[in-house]
Amino acid sequence: MRSPAMQVSPAMQVSPITFDTFSQMQDDACQERIVAAKAKLGKRLVILGHHYQRDDVIRHADFTGDSLKLSRQAADSEAEYIVFCGVHFMAEVADILSRPEQISILPDLSAGCSMADMASLAKVERAWRELKTVLDPDQSVTPVTYINSAADLKAFCGEHGGIVCTSSNATRILDWSFAQREKVLFFPDQNLGRWSGFKMGIPLDEMVLWDYDQPMGGLTPEQIRKARIILWKGLCSVHQMFQPQHIENFRAQHPDGLVISHPECSFEVCQLSDYVGSTEYIIKTIAESKPGTHWLVGTELNLVNRLANRFKPEGKTVQFMSSTVCMCSTMARIDPQHLAWVLENLVAGKVVNRTTVPPQEAELARLSLQRMLDAS
Ligand code: 13P
Ligand code: SF4
């Protein structure tokens, strides 16, 4: 059994410091207090930061990365407190993969992921039941959940012989999945599923879209029988903003320019891009490119702005794909005020915003995450 937050230390008897003290605090003051609290906590604390995090927060991260890299970091961490500057599912993964006595904290519990919210356990279980009217899913369908999903969906995959994937290992995970069973149910991101299937040579008409608001996903038994991948009708509200037209305009103006996109972008955008990959892959690819290269990048704005600043001195131009602002607004809820607040509470021996996954759910979710770590 995981110990509840209130039993962590005798100092827990005292009430936590409320957020009110921090909500109106100036950014500069927060920065100083974060640095001071980090110094006091030393090795008892690790701060993990996703690449989409804002500059004034990510500068405090001990490790930055994409979802796969940060999952590994959480699993390997020795720290007592894992403060995740990311979104809710990431803090859940940290709780699942860390030891029971470690504590995973999300500085603002309202930092969710709109794509993850597009699949719920009730709807996935209903899909599984409906698939049973056409075939035996436990014999012929591997459920694959993108890591951008709630812990109960990872547990569903653990229980039904399935697996988790991230944007950096999706094709490898699909290979693993097809080695188990002939079909895949992929949720919640249709774009990552379609692009990964396409790269493996699966024809588009063998990847069907499961509309979770319709009976039988809006599909006929014939379509289900023929499908290799059944794609959940979910997507990322940030990455859907990038359009083929943005790439066409860029190519017209910069014929020698290069285009790189995240696989959460639409299939058409991925097809028109020179490179497609996770945030870590995008950073590495631009870092390894020749000086003078002009890049168009289809992913979240905080990361793209950071890349533009970082690579300017090397003579590389990094341009954002959309003309409108596309930020992950939920990730941005982790601000210096919330970070300072959770850290000062830890210094005072109090835990706020702990993220815990119930033990039985965690055990099954760990199974599907471990299959992913072993297969990647
Ligand atoms: P990666 O950083 O794993 O590429 O994922 C992007 C993302 O959307 C995180 O939610
Ligand atoms: Fe979720 Fe999209 Fe934000 Fe990633 S960028 S955390 S998929 S809403």
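Counting starts at 1 for both ligands and their atoms, in listed order.
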With heavy-atom distances below 4.0 Å as the criterion, list the atoms of ligand 1 near [X].
X      : value
His50  : 1 (P), 2 (O), 5 (O), 6 (C), 9 (C)
Ser278 : 4 (O)
Phe89  : 10 (O)
Met90  : 9 (C), 10 (O)
Ser67  : 1 (P), 2 (O), 3 (O), 5 (O)

With a cut-off of 2.8 Å, does Cys236 place any N/O/S atom under that distance from atom 2 (Fe) of ligand 2? yes
For [atom], what's the nearest protein heavy-atom neighbour? Residue, atom name and distance, please.
atom                    : result
atom 3 (Fe) of ligand 2 : Cys328 SG, 2.4 Å
atom 8 (S) of ligand 2  : Ser114 OG, 3.5 Å
atom 4 (Fe) of ligand 2 : Asn148 ND2, 3.8 Å

For the student: nearest non-hydrogen atoms of Ala111 and Leu106, plus distance: O-CD2, 3.8 Å
Closest approach of Glu264 to Asp189 (non-hydrogen atoms, all atoms of both residues): CG-OD2, 3.3 Å
Can you tell me if His262 contacts ligand 1 (heavy atom of the residue under 4.0 Å from the ligand)? yes
Determine the interplanar angle of the Phe22 and Phe19 rings, folded into 0 to 90°, and report it as parallel if under 30°, tilted if 30 to 60°, perpendicular if over 60°. parallel
Ligand 2 contact by Glu300, heavy-atom criterion under 4.0 angstrom: no
Under 2.8 Å from atom 1 (Fe) of ligand 2, can any N, O or S atom of Cys113 be found? yes
Thr279, any N or O under 3.5 Å of ligand 1 N or O: yes
